[in-house]
Amino acid sequence: MFFSRRARRIFLRARFLFCLPLLGLIFGCSRHEPPADLTIINNVEPESLDPAIIVAQADMRVVSGMFEGLTRLEPVAARAVPGLAARWDISADKKIYTFHLRTNLLWSTGEPITSADVVYSWRRALDPQTASRYAGQLYYLKNAEAYNTGQITNAALVGVSAPDAFTVRAELKSPTAFFLDLCAFPTLAVVPRQTIEKYGDHWLMARPLPVSGAYELAAWRLNDKIRLRKNPRYWDAANTQSELIDILPVGSPNTALNLYERGQVDIVWDKELIPSELMDVLLQRPDFHSFTYLGTYFFRFNVTRKPFDDPRVRRALALAVDKERLVKKITKAGEVPTSHFVPPGTANYQSPAGLTYDPERARKLLAAAGYPGGKGFPRFEYLFNAAAGGGGKIHENIAIELQQMWHDELGIQMDLRQVETQVFWGMQSRLDYQLTRSSWIGDYNDANTFLGMFVTGDGNNETGWSNPHYDALIHAANEETDIANRENLFQQAETILVHDELPIVPLYIYVGINYFDTNKISGIWENVLDQHPLSSIRKKIKN
Amino acid sequence: MSERKVESTELRVERRAGDSAVSQLSTNNSQPVSPGGRAWRRFKQNRGAVLSAWYLGFLLVVILAWPVLLQVSGGDFARRHNPDQLSDGQFAPPTAQHWFGTDVHGRDVFSRTLFGAQISLLVGVIGAGVSLVIGVLWGAVAGYVGGRADSFLMRLVDILYSLPSIIFVIVLITTVGEMLKQTHLVRQSPAVEGALRVVLLFVGLGAVSWLTMARIVRGQVLSLRSRAFVEASRTLGAGTPHILFRHIIPNIFGVAITYVALTMPAIILYESFLSYLGLGVQPPMASWGTLIAEGVGQINPIRIYWWLIVFPGGVLVTTLLALNFLGDGLRDAWDVKGK
Amino acid sequence: MYFVRRILFAIPLLLIISALAFALVHLAPGGPFDSERKPASPEIERNLQAKYHLDEPIWKQYGRYLGDLLHGDFGVSLKYRNHNVNDLIAQGLPVSMTLGGLAFAFALGVGLPLGFITAARRGRWPDQVGSFFAVLAVCVPSFVVAPALILIFAMKLKWFPVALWESPWHMVLPAVALGSYFIGKVARILREGMLTAAQSEFVTAARAKGLGETALLFKHAFRIALLPVVSYSGPMLADLLTGSFIVENIFQIPGIGVFLVNSSLNRDYTVVVGLSLLYALLLIALNLAVDFAYTWLDPRVKYE
């Protein structure tokens, strides 16, 4: 016959053997961990937990729980309050900050934290070898930019020093109103020199990992979870509310919603994680909280290409956008349509008015620019990125609406161009586009984080727009110590940006959305930076 | 699928090839003795396959007639059913106005489904066609020429089989797509750019699907080449290309066609997967893949806009079912011993 | 001898695959470090590129990569810069293999009986219904099956968890979602194989001996028909491992399928090449194992 008896027997036996390893796998692979006190969905997996190199807001939420800076943000209004530094003195000219560290600071592994660590951390963030993409946050220090760009190689020349073990002296180029907020920013957090010098780039893999913040890293499994455990040696450990926190990297709004509904997670905090089609239903529920947020959704013009080098054309397109409709029909989270760029709620600042919806005026402007009724206007492209795997299609949907609006009101034809996200960032920075969707979230609570980027040559400008008057206003504002004068200078600059020249057209202000049950979770307050220190969050009813 | 299956199909093909040679000699029979005629009779007996053929034909007619209908009718009807026409009536359930409801932009889902069908079927047919052409040529040459060339060609197939095709397709679409977009021709005309992505899709998808076809064809050719009628042809002095095109390829026609019918569903599914990733056809064009990807995002426990997934999904599944049954029917029809 | 030769041949094959993957992914536009926040100066961009040798000519980068590979070092992920590719594989592969194994078992567990029944009751209603469902299984994309399963079994009926990968209960829905497509394929392959076998000479002889039809089919036709199923298992397992992307994505499972696709989209060169090599290795190994099992099971088959 076909099978020898031996083969037949082996075959039959093999079939059962196959089941055993399978069973073994099933039970071996299930985890035996105690459940966490708090489970939070934080948007996608962080690129890194190294404070100096992270860029994304989601990454920063985790890192701020692990590494602290001289100041930290308090949970209610996200203002800067003493962190590792107990107090500070500011010189009369506002250029020298002297921070006095607490004397009882310890790394989670037991070594003392001293001012040398602070100086080391800041210099490391500025070190060209570290290649930190947020090194610009430290450029307010004297010589910092020169060191970071390689013009000088002696790190000691940068304006930060440690006169003694508990004092840090920061010398600024010019008075910077938001410097204390910057000190709470993760790029300026204090990192363990001893571990970095020992392990180099893989220092985050060292176990135990010394941390300066409220939580230690108990486990880090990519695309699975980050488990944080309370750091008992943290100076404020007495006030750390939760013992074990699990941070889950979920990128899909539907999955996040399902997990929340089933009670598998306690908090979901990222505005991208709410399905926009359900927005109207969800926002009625008490556990869905929406609040104003320092973030703006806008689009950029590439002003180096015709016909967008003409401000009249740009103004015409801006005037023909019905932002109300975008917000009501597409995004639906109660966002505020905006004609100015800096969000309301920014400290010490009120934006001037920009251009409001006026299609009639738009048509007149377009005609004045040489395209009456849209005749002769070339076809142009709107660039946006694809959302892989069901992560929300807002950009595409807004693009489609804009296309229709401009076609109906102005008679011009726009084409959609969707590219992959990585390609998108590259094209944007190379100015390889005509219009591109954009957004910006404030790094700290000051108008400069929004207006500063449109200065000539700034890496985040990405429009090719350059206006010396605007540059002068921004520089002057940042040197200004009087709050009222500063506001005035910024207002003048913003008027140029959103009323006269319009290299960008703001569409709406982001609304931050978190969902958690206020009956169960305490310690989260809504603030404009959407910053919620992990240490103050507590779950009242345990599983 | 594999070389093992080739053995069983081989046996069947041997008989058919012999029959065709025989029938070419005897021309005086009144009954349809040709393998084509016999296959057609067997096919007609397969109810499922016939039903599928009718359905596909119907679908094709509707897809082709609909744009014409919109052009001809004009006015309100045409505007409402224009697949790109935005409206304020978003997420409307199926009504007399919009037979399949509307989507987030208030666009008519029925019309979008039909226009999307054009793209999906086009991608499927041409993709399968591409894989057919490459696979048949490759396999026929490898099987007939044999020796080192055969070894080389099949080793290449092995290599390509081991590459994760998903990466290849993603990279092909983005790299070549971006490179071509930079060319002058494409920059001039946005219509060309839109078409470009569709072309890339079916070339890319076809290019990763021909491997199995090549293997199967090679197996067939290997058995055919030692058959008497091929020997005879060679003795008569026929050159290799002549033998390949006049004798070998027509005899693998049956197998090739059935695998085309069976590859189409795979390609259409693959396209929908790419659309789910955002790499399929670009907006505002729609394909079934993009429609379903949109619709799937609507599945949640709170409120489901069921028409966004049921209708496009239903049409997709029905069409794929029909293609599969048709393919099975064809395969059974060409077999002597089959079903 | 044949198998030894194939194993030896695998080495240059892997080399070619690594070169191909390397070249393809570097050709794609966009780089791993393009991001929303631009660095304050182009210097930083240059430093970043230099740090990972991305500014060197491509053949030099490849040479460097091969050198590391010989030490078993797949490199550092360019996106998750604190993790080695080896770590990613060590974390993700067992998960994907478990998921794939379960889906495989599910596919066989349902597909084989289904194929058998449809072949045994050919032409009658179990065949028609069964075949219909088998074909249906092959026509529904997994990214439709998965959310539907979640909605019904996890949200409405609450029998299983919605997502994540923490206990055997978490593994059920993903395995079903992943395996459903292959149930259809396995059933159809088995059915076809059995129908062919049922016509062959020795089965006719056995029938003449007077064996009952079902027993006959099971004892003889089934075993022969298993051979094509066995040879399909190779590519099936490979597809399960990588085609699991959608299921892993929807159920938030930390396997390598997600890494494979995301790394292509992120232009994470090292991960793309590393995982391509892994996949190729697995596929070669699986095909070899399947061919070996084949010779074992059917002594007629000889490889020269």
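Basis for what follows: all heavy atoms, side chains included, without hydrogens, waters or symmetry-related copies. Naming: A, B, ... by sequence-line order, numbering from 1 per chain.
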Of the backbone (N, CA, C, O) and the side chain (C-beta and beyond), which part of [X] lies under 4.5 Å from a heavy atom of chain A, both, or neither?
| X | result |
| --- | --- |
| C:Ala154 | both |
| C:Leu151 | neither |
| C:Pro32 | backbone |

Select one option (side chain, backbone, both, neither) describing which atoms of [X] are under 4.5 Å from chain C's heavy atoms.
| X | answer |
| --- | --- |
| A:Glu47 | both |
| A:Ile441 | both |
| A:Leu204 | side chain |
| A:Asp458 | neither |
| A:Trp220 | both |
| A:Leu49 | backbone |

Using 0.5 Å steps for rounding, measure from the [atom1] atom of [X] to the [atom2] atom of [Y].
| X | Y | atom1 | atom2 | value |
| --- | --- | --- | --- | --- |
| A:Asp443 | A:Gln57 | CG | CD | 9.0 Å |
| A:Thr187 | A:Met60 | OG1 | CE | 5.0 Å |
| A:Tyr140 | A:Glu145 | OH | CD | 10.5 Å |

Between [options], which residue shows the highest count of heavy-atom pairs closer than 4.5 Å to chain C?
| options | answer |
| --- | --- |
| A:Gly150, A:Ala56, A:Ser438, A:Pro249 | A:Pro249 |
| A:Gly136, A:Ser48, A:Ala135 | A:Ser48 |
| A:Asn460, A:Thr255, A:Leu222, A:Leu248 | A:Leu222 |
| A:Tyr139, A:Trp440, A:Trp203 | A:Trp440 |

task: Measure up the C:Trp159 and C:Phe153 rings against each other and bin them: parallel (under 30°), tilted (30 to 60°), perpendicular (over 60°).
output: tilted

task: May I ask you to check whether C:His26 and C:Tyr269 place their ring centres under 6.0 Å from each other?
output: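 Yes; C:His26 has its ring centre under 6.0 Å from that of C:Tyr269.
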
- prompt: Partners of A:Glu462 by salt bridge (Lys or Arg N to Asp or Glu O under 4.0 Å), sequence neighbours excluded?
  reply: A:Arg300, C:Lys38

message: The criterion is side chain to side chain donor-acceptor pair (under 3.5 Å); which residues satisfy it with A:Tyr433, sequence neighbours excluded?
response: none

query: Hey, are C:Ser77 and C:Asp268 close enough side-chain-wise for a donor-acceptor pair under 3.5 Å?
result: yes

field: A:Thr39 vs A:Gln264, side-chain hydrogen bond (donor to acceptor under 3.5 Å, both in side chains): CA-CA, chis, key distance, verdict
entry: CA-CA 8 Å; A:Thr39 311; A:Gln264 284 178 254; over 6 Å; no

